[in-house]
Amino acid sequence: MDKLILIDGNNIIYRAFFAMPPLTNTAGQQTNAVYGFTTMLLRLIEEHKPTHMIVAFDAGKVTFRHEGYEDYKGGRQKTPPELSEQFPLLKDLLRNLGVPQFEIGNYEADDIIGTISRQADEAGRQVMIVSGDKDMLQLASEHTTVALIRKGVTEVELYGPEQIREKYDLTPEQIIDLKGLMGDASDNIPGVPGVGEKTALKLLHQFGSVEGVLAGTGELKGKMKEKLEAHAEDAVMSKKLATIYREVPLEHSWEDMIFNGISADTAGPALAKLEFKSLLERLSLSAYAPVADGEEGAAEVEAATLDISIVSEDELEALNEALPSISALHVESNGDNPHRAEVIGVGLSTLERHYYVPFELLQKPAAAKLRDWLGDEKAPKSGYDLHRADLALHWQGIAFAGAAHDVQLAAYLLDPTEANQNLNDLATKYGLPRLSPDEDVFGKGAKYKIPELEILGNHVARKSAAVLGIAQKQQQELIETAMTGLFEDLEMPLSRILADMEKQGIAVNEGDLKELGKEFEAQISKLVTEIYEICGTEFNLNSPKQLGEILFVKLGLPVVKKTKTGYSTDAEVLEKLAPYHDVVRLILQYRTIAKLQSTYVEGLLKEISPKTGKVHTFYRQTIAATGRLSSQFPNLQNIPIRLEEGRKIRKVFVPSEPGWSILAADYSQIELRVLAHISGDERMKEAFLHDMDIHTKTAMDVFGVTADQVDSNMRRAAKAVNFGIVYGISDYGLSQNLNIPRKEAAQFIEQYFEVYQGVRRYMDDIVVDARKHGYVTTLLERRRYLPEINAKNFNLRSFAERTAMNTPIQGTAADIIKLAMVHMDKALFERGLKSRMLLQVHDELVFEVPEDEMELMKTLLPEVMGGALQLSVPLKAEVSFGSNWYEAK
DNA sequence: GCAATCACG
DNA sequence: ACGTACGTGATTGCG
């Protein structure tokens, strides 16, 4: 008996591409989609032994369907180049496997399949159609079975008219009506808005077809009736779009579809060329295998056998049983701001099996055990960016605890300059099976789109699988680099504390902030009017280009500095120009107020959560190369303080409960104290042991005067030198900062080093050290690599040298405040205090404190901060408090 | 998406 | 002779 298999080529290769990790052959050509397609094909041949077979492909870009509806398939992402490149490989391989391929101008693969299946039907031949597209179900008939692929590409579900009736209680023809009503986002078929599968099925069971439904709207009521009547045309058009065309002018005959089995002498070399060793073995063609290269083959096998299940509600019980052995997870969420993220789903991995749980399922009552496990701190979990996962889940009402190993955080410690490697980067780095890039699966930017469940689930489950392997390798590396303690006892505990602080948020008085905005607005409009009047023209004050034109061309002011693109108009330049023209002062004022308005009033207002009335920043623990935190959405580490106008912004940061106060404590001169400790400079240590004003002391030592002889200018200069020292000093930098000649700056530095010889020795030694090892470390063994320390290019090398001097100082200070945060969190917990840590600003911690804890906190906080780490000089933290952040100064 | 500017430590 | 201070993030304009 003849048996024909019709394969939807485009659909299958597309799914294979996303279901498979991105295998490449030794030539660097990606082959994963071809591999996936071929495994499926071989399985079909083995199981169904077809006598005839074709693979149908879409031809060209425009199909006749576009003529009726130009948005058809408009929502679809562009095919990634890694996939398009594999089409020729597949076509070539199919030829060598002896599988006929059809491609007909202006028709899609499903039209070809529809036409052949109609002809075969009429001739009474047995047909099987293979696709991942449910639309194909409309072609099922007495002789025609539709095999829908699921779970990657190797498993299929067979549908005849009987099975369709069981599942949907519809005939194959009614599948078209179903899609006409519900639409299909991936093909941009609109359907009727608000009608999904359930509603569509109900309507069809009642009325039989789209036409029947539209004629029968009289029997319906409410919203449903309105929607159907309003979108009647859409429904009719959608049905038309969903109908597979079965009258393609085919010139092929039955004989053109004959499949005679795979012939070794063409298939062998073709498979060998693609380096599909496991497939050669399967076909007993190993003789054709290329010279062995163990790794590639191993990766291929591993990738092919990854055991992934996309969990449905009735499979939750099995998952619950596996929970104790699950050690890795990946929470897939969207967007940059985790406080606003939507959770898409969760991948879960044991060593052997991998699961994907869609978020909708996770929310159902049936998933209670899984949610308990997620929130169980005794269930240790590895993951990527667990801090983000924690927040995203939190705002959906799901608790997260038990973070044991965050691979993103570990990767940051292992190399903080290798900015935020994603899971695919890390998998590649450790020689693990690679993942599809997120961009390929989701699209990027405005094109972000969640793919269908099969693709999504495979991708996310592969991520949790990758976490397992990565965590293992990292643990070894952390031991080798002596950072296990830093990781387990500092950074991992801190990530949970940060999440707590962010969830808590800080209250902002919205009314006061808006008031402040009005004041700024009035000042701005006054300044703008004056500036335009003086300049005699209106222009965009915010455009440095237009401003430069006015200042340097129209008003003829001297050009002080240039940027890459034109005149520089920054504050430093404007200060120098101020004596020449009155308008410059006004422009400086405008800049100040406009900055406050746009960034701090408007910017902050946008970030107030409607849910909590607070702002919830997001601290990033894996950004700064020195070990510092950074803060985003909004950045609460750069709220103005230096100028009084801006400092007022701090008044709107208030306690979130009545009767509470803001308590803040900041380290006094932490970086110079750290420098005194690590350099061991006796004179500098002396200054801190006696708790002297370090800048005055420096002025005394450098200028050789007594304390009462130090004037404000001398202190200012000394302060600048101290800053310069911390930054990795250069005479040029200091000369710029103090606005003095370079020679003079060089003299200052020389005098400084004469007195602080221990500091000079440290600066020299640390650079030598960096050259020798290629990295520098902090007191807690945090590491930063400086590959450019040996560069021939003077600039690059100098930069690396300054970094070598600065990073141990800035980084140790970061270590210390992080330690203080962990200790403080513990102290609050153990004493059962209600006070809450809210913010960290590099050397400052901000709390909100109830009245009855104030006295205690005022001593506890500086004690804990001062005692965070034992140095050869005391660490000092100064507290202050008030009814808002401004008052706590 | 980058450059310029400016807020913080 | 070389040409810059160390570490961040947000806003705006512009090609």
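Residue numbers start from 1 in every chain, and the chains themselves are labelled A, B, ... in the order their sequence lines are given, proteins ahead of strands. Side chains included, hydrogens not; waters and symmetry mates left out as well; all remaining heavy atoms used.
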Phosphate OP1/OP2 of [N] contacted by [X] side-chain N/O (<4.0 Å):
| X | N | value |
| --- | --- | --- |
| A:Thr599 | C:dG9 | no |
| A:Thr626 | C:dC6 | no |
| A:Asn638 | B:dC6 | no |
| A:Lys545 | C:dG15 | yes |
| A:Thr592 | B:dC6 | no |

With heavy atoms under 4.0 Å as the rule, sort [X] into base, sugar-phosphate or nothing.
| X | value |
| --- | --- |
| A:Val841 | sugar-phosphate |
| A:Glu844 | nothing |
| A:Ile623 | sugar-phosphate |
| A:Ala571 | sugar-phosphate |
| A:Ile641 | sugar-phosphate |
| A:Ala625 | sugar-phosphate |
| A:Gly603 | sugar-phosphate |
| A:Arg642 | base |
| A:Ala720 | base |
| A:Ile809 | nothing |
| A:Arg742 | base |
| A:Ser730 | base |

Aromatic plane relationship, [Y] with [X] - under 30° parallel, 30 to 60° tilted, over 60° perpendicular:
| X | Y | value |
| --- | --- | --- |
| A:Phe618 | A:His387 | tilted |
| A:Trp395 | A:His339 | perpendicular |
| A:Phe723 | A:His695 | parallel |

Could you check how far [atom1] of [X] sits from [atom2] of [N], rounded to whole Å?
| X | N | atom1 | atom2 | answer |
| --- | --- | --- | --- | --- |
| A:Leu547 | C:dC14 | CG | P | 11 Å |
| A:Asn542 | C:dG13 | CG | C1' | 8 Å |
| A:Gln840 | C:dG9 | CD | P | 13 Å |
| A:Gln632 | C:dG7 | CD | C1' | 15 Å |
| A:Ile816 | B:dG9 | CD1 | C1' | 15 Å |
| A:Glu671 | B:dC8 | CD | P | 16 Å |
| A:Tyr567 | B:dA3 | OH | P | 21 Å |
| A:Gln589 | B:dC6 | CD | C1' | 16 Å |

Determine the Euclidean distance between corresponding P atoms of C:dA5 and B:dA4; express it in Å to zero decimal places. 13 Å
So does A:Arg388 pair up with A:Glu502, basic N to acidic O under 4.0 Å? no
Please determine if A:Glu750 and A:Arg760 form a salt bridge, counting it only when a charged side-chain N lies under 4.0 Å from a carboxylate O. yes
Residue mapping more 5' on DNA chain C - nearest nucleotide basis, A:Glu602 or A:Phe723: A:Phe723
Is there a donor N/O on one and an acceptor N/O on the other, under 3.5 Å, for the side chain of A:Gln810 and the base of C:dC6? yes
Quick check on A:Asp582: does its CG atom have over 12 non-hydrogen neighbours (other residues, nucleotides or ligands) under 6.0 Å away? no
Can you tell me if A:Lys719 has over 12 outside heavy atoms packed within less than 6.0 Å of its NZ? no
What's the closest nucleotide to the [X] side chain, out of [options]?
| X | options | value |
| --- | --- | --- |
| A:Ser543 | C:dG9, B:dC6, C:dG13 | C:dG13 |
| A:Tyr600 | C:dG9, B:dA7, C:dT4 | B:dA7 |
| A:Ser630 | C:dG9, C:dT12, C:dA5 | C:dG9 |
| A:His842 | B:dT5, C:dA5, C:dG7 | C:dG7 |

Which residues in residues 786-808 of chain A have at least one heavy atom lying under 4.0 Å from any atom of DNA chain B? none
Stems field, DNA chain C, Watson-Crick or wobble, 3.5 Å, at least 3 pairs, by first number, holds B:1-9 with C:6-14
Where do A:Asp438 and A:Tyr448 land on the side-chain hydrogen bond (donor to acceptor under 3.5 Å, both in side chains) test, with the steps shown first? CA-CA 10 Å; A:Asp438 278 341; A:Tyr448 179 91; over 6 Å; no
Please determine whether side-chain hydrogen bond (donor to acceptor under 3.5 Å, both in side chains) holds for the pair A:Tyr756 and A:Asp701, giving the CA-CA distance in whole Å, both sets of side-chain angles, and the decisive distance to 0.1 Å. CA-CA 9 Å; A:Tyr756 297 99; A:Asp701 292 339; 2.6 Å; yes
I need the minimum non-hydrogen distance between A:Gln523 and A:Ile593, along with the two atoms involved. OE1-CD1, 3.5 Å
Apply salt bridge (charged side-chain N to carboxylate O under 4.0 Å, His left out) to A:Lys876 and A:Asp691, showing your working. CA-CA 9 Å; A:Lys876 185 176 159 195; A:Asp691 199 21; 3.1 Å; yes
Between A:Asn542 and A:Tyr590, is any side-chain donor less than 3.5 angstrom from a side-chain acceptor? yes
